[in-house]
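Within every chain, numbering begins at 1; the chains are lettered A, B, ... in the order of the sequence lines, protein sequences first and strands thereafter. Worth knowing before you read on, the calculation uses all heavy atoms, side chains too, and leaves out hydrogens, waters and symmetry mates.
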Amino acid sequence: MPPKGKKRGRAALTAPKEPDFKDARSELQGESKRPKSQRVEMKSLATGNVAETSGVEARAEQDRNKRVHTHWLMKSEPESRFEKGVDVKFGIEDLKAQPNQTACWDGIRNYQARNFLKDMKAGQEAFFYHSNCKEPGIAGIIKIVKEAYPDHTQFEKKDPHYDASSTKEKPKWFMVDIQFMRMTKRFIPLAELKLHHQAHKISGGPLKDAALFTRQRLSVQPLTDEQFAFILSLEEEKH
DNA sequence: GCCAACGTTGGC
DNA sequence: GCCAACGTTGGC
């Protein structure tokens, strides 16, 4: 099962300071747009009933455990691009070619994306999204088959995503294993999703606040049940 | 290849 | 702790 991972994803090559977890919380509820004072209050509410634990990390983990993200969208690049001499290409066809059609999702070096990886539960489904390519959009459906564990590439000096500031005792970056489920019945282009997003902003439809548009650069993002179902329904349309 | 969006860094 | 400069993401 443990797949041999392929390099993928784009991420900061530098090693940023440990982040601010509050911004990673409740993105879909638009919490980050609240005034600071309100955010602080929510934070203490969220942590007030956990007297035992302390520390930003532990609280953030508990906050995440309360969240109910059921579906995901994961971006990967299907066309060759070299990062520190290494090709980071990993399209859905590359996933299909892996042993067991399974791979580890390594190379994520953004805290918010990492936190979403940690939220993932085995069995949950995600869209496999092709980014930074001729035609960006959703190509297929994958399933989480192994929950978050340390990303080994952070310790490998030659890896484009090596992070000198991380230790095996306290790894900074995590990955999950995912397995190919199926191609979508047709490729669903970003341009089409964007049209729905625009329409839904007016009608109040499910893509109104989809992270794909509101968190433009996030490479691992949650979808609500409604968003996932809506996008799936687009498969049936003729184009 | 351009460049808007946006996350991170570091000076103050 | 603010915020300008910088670097990356990723569509077009």
Under the ring pair (Phe, Tyr, Trp, His ring centres under 6.0 Å) test, residues paired with A:Phe228 that sit two or more places apart = A:His71, A:Phe127
Where the side chain of A:Asn110 is concerned, which of C:dG10, B:dG7, C:dC12 is the nearest nucleotide?
-> B:dG7
Would you say A:Arg81 reaches C:dG10's phosphate, i.e. side-chain N/O to OP1/OP2 under 4.0 Å?
-> no
Could you check whether A:Phe213 gets within reach of a base, just the sugar-phosphate, or nothing at all, counting any heavy atom under 4.0 Å?
-> nothing
Go through the structure and list residues passing side-chain contact (heavy atoms from CB on, under 4.5 Å) with A:Glu237, not counting sequence neighbours.
-> A:Arg186, A:Glu192, A:Leu234, A:His239
What pairs with A:Phe155 under side-chain contact (heavy atoms from CB on, under 4.5 Å), at least two apart in sequence or on another chain?
-> A:Ser166, A:Lys168, A:Pro171
Hey, what do you get for OG (A:Ser203) to CD (A:Gln198), rounding to the nearest 0.5 Å?
-> 11.0 Å
With the criterion being N/O to N/O and under 3.5 Å, what pairs connect the protein with nucleotides 1-5 of chain B, and how long is each?
unit_1	atom_1	unit_2	atom_2	d
B:dA5	O4'	A:Gln216	OE1	3.4
B:dA5	N3	A:Arg217	NH1	3.2

Is the phosphate of C:dT9, meaning OP1 or OP2, less than 4.0 Å from a side-chain N or O of A:Tyr129?
-> no
Return the set of residues passing side-chain contact (heavy atoms from CB on, under 4.5 Å) with A:Ala113 (not counting sequence neighbours), or none when no residue passes.
-> A:Ile108, A:Asn110, A:Leu218, A:Ser219, A:Val220
Interatomic distance where CE belongs to A:Met74 and C1' belongs to C:dG10 [whole Å] | 18 Å
Distance check: side-chain N/O of A:Lys194 vs OP1/OP2 of C:dC12, anything under 4.0 Å?
-> yes
A:Lys75 has a side chain; which of C:dC12, C:dG10, B:dT8 sits nearest to it?
-> C:dG10
Out of C:dG11, B:dT8, C:dG10, which has the shortest distance to the side chain of A:Pro136?
-> C:dG11
Not counting sequence neighbours, which residues clear side-chain contact (heavy atoms from CB on, under 4.5 Å) with A:Glu235? List them please.
-> A:Arg182, A:Thr184, A:Lys185, A:Ile188, A:Leu232
